[in-house]
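Structure first, then comments.
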Amino acid sequence: MLTMVGYCWLCHQNLYFAHHGVCHVCHQQLKRRQHVCPRCALPSESGDVPCGRCLKYPPPWQSLIAITDYTPPLSQLIRRYKYHNTPQLAAVLARLFLLHWLQGYREGRWYKPDHILGIPLHSKKRWQRGFDHIELMIQPLSRWLQCPYQPDLLQCSRATLSQRGLSAAQRKTNLKHAFQLRGDFTDQHVAIFDDVITTGTTLHEASQLLIRAGARSVQAWAICRTL
Ligand SMILES: [Zn+2]
Ligand SMILES: [Zn+2]
C-alpha cells in the first residue's frame, strides 16, 4: 500500500492541504444520516428527541456522536488504519471527527468536554498492532480542542478476550469489571473515544464508572456507529 502523502486517501486526487488527508469533495460526500437519535446515534425519525428505546432504557451517556454508520468509505479507512499498519491515518480520521463534532458544538448540541478518555486497548493487542490506534487519534483531538487527555486514567483491569465474534450477552459477561478508572471527575463533562461503537457494551461499562466517579455528563465519541 502506497503512503499517500499529498493525496486524498479516498479519491487519490492531489490535496490542496496535504495534511488534511481527505479532500473537500470526499468529505462532503460522506453518507451522514439526516436523522439519528442523539442518545444512541441509530436512525430515528427526528434528530432532536431520543428514540423510543433510549427513552425506555436511557444509556448512561448523554450523547453518542459518530460521523457515519460503519459503511464505506470510512469503514475501509478504519480497517486500513488498524489492520494494515497505517498509523499516519490517525490524524486524518481524528480531523474528520473534529469537523463533525465542531458542527454539533456550534449548533449547541453538546458541551465541550473537560476530559477526553480512550477505550483502553489490551496490552497484547497493542503489542501485536505496534500502536494504540485509539490513543493516536485522541492525541491530536486533545491538542486541537485544548482538552486534557491522560492515557492511563482508564485502564483494562484484567485480560479481556477480544469482543469480536461474541454475542451481546457474551460481551457483557466478558467485560464485567473489565476497566479501572483513576481520578476524580466530579462535575466534569467527559468524552470517551472509541473507533467504532457496535453494541455499546464497552462504552456502557466505562460510562457507568465515570458517572460513579461524579461525572456530570458523558459523551461517546466514535468515527463510526455499527447499525
Ligand atoms: Zn477525495
Ligand atoms: Zn436512541
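Each ligand, and each atom within it, is numbered from 1 in the order the structure gives.
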Under the side-chain hydrogen bond (donor to acceptor under 3.5 Å, both in side chains) criterion, do Thr71 and Asp69 qualify, and how do the steps go? CA-CA 5 Å; Thr71 49; Asp69 299 341; 5.2 Å; no
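For a distance threshold of 2.8 Å, the protein N, O or S atoms nearer than that to the Zn ion (ligand 1), listed by chain and number, are Cys8 SG, Cys11 SG, Cys23 SG, Cys26 SG.
Just one residue in the list Phe97, Tyr149, Tyr105 forms a ring pair (Phe, Tyr, Trp, His ring centres under 6.0 Å) with Trp221, and that residue is Phe97.
In this pair, Trp110 and His100 present their aromatic rings tilted. The plane angle is within the 30 to 60° band.
When all heavy atoms are compared, the tightest approach of Asp132 to Glu135 is OD1-N, 3.0 Å. Heavy-atom minimum distance, Ile134 versus Phe193: CG2-O, 3.7 Å.
Atom CD of Gln34 is surrounded by 12 or fewer heavy atoms from other residues, nucleotides or ligands within 6.0 Å.
Annotation: angle subtended at the Zn ion (ligand 2) by Cys37 SG and Cys40 SG is 110°, to 10°.
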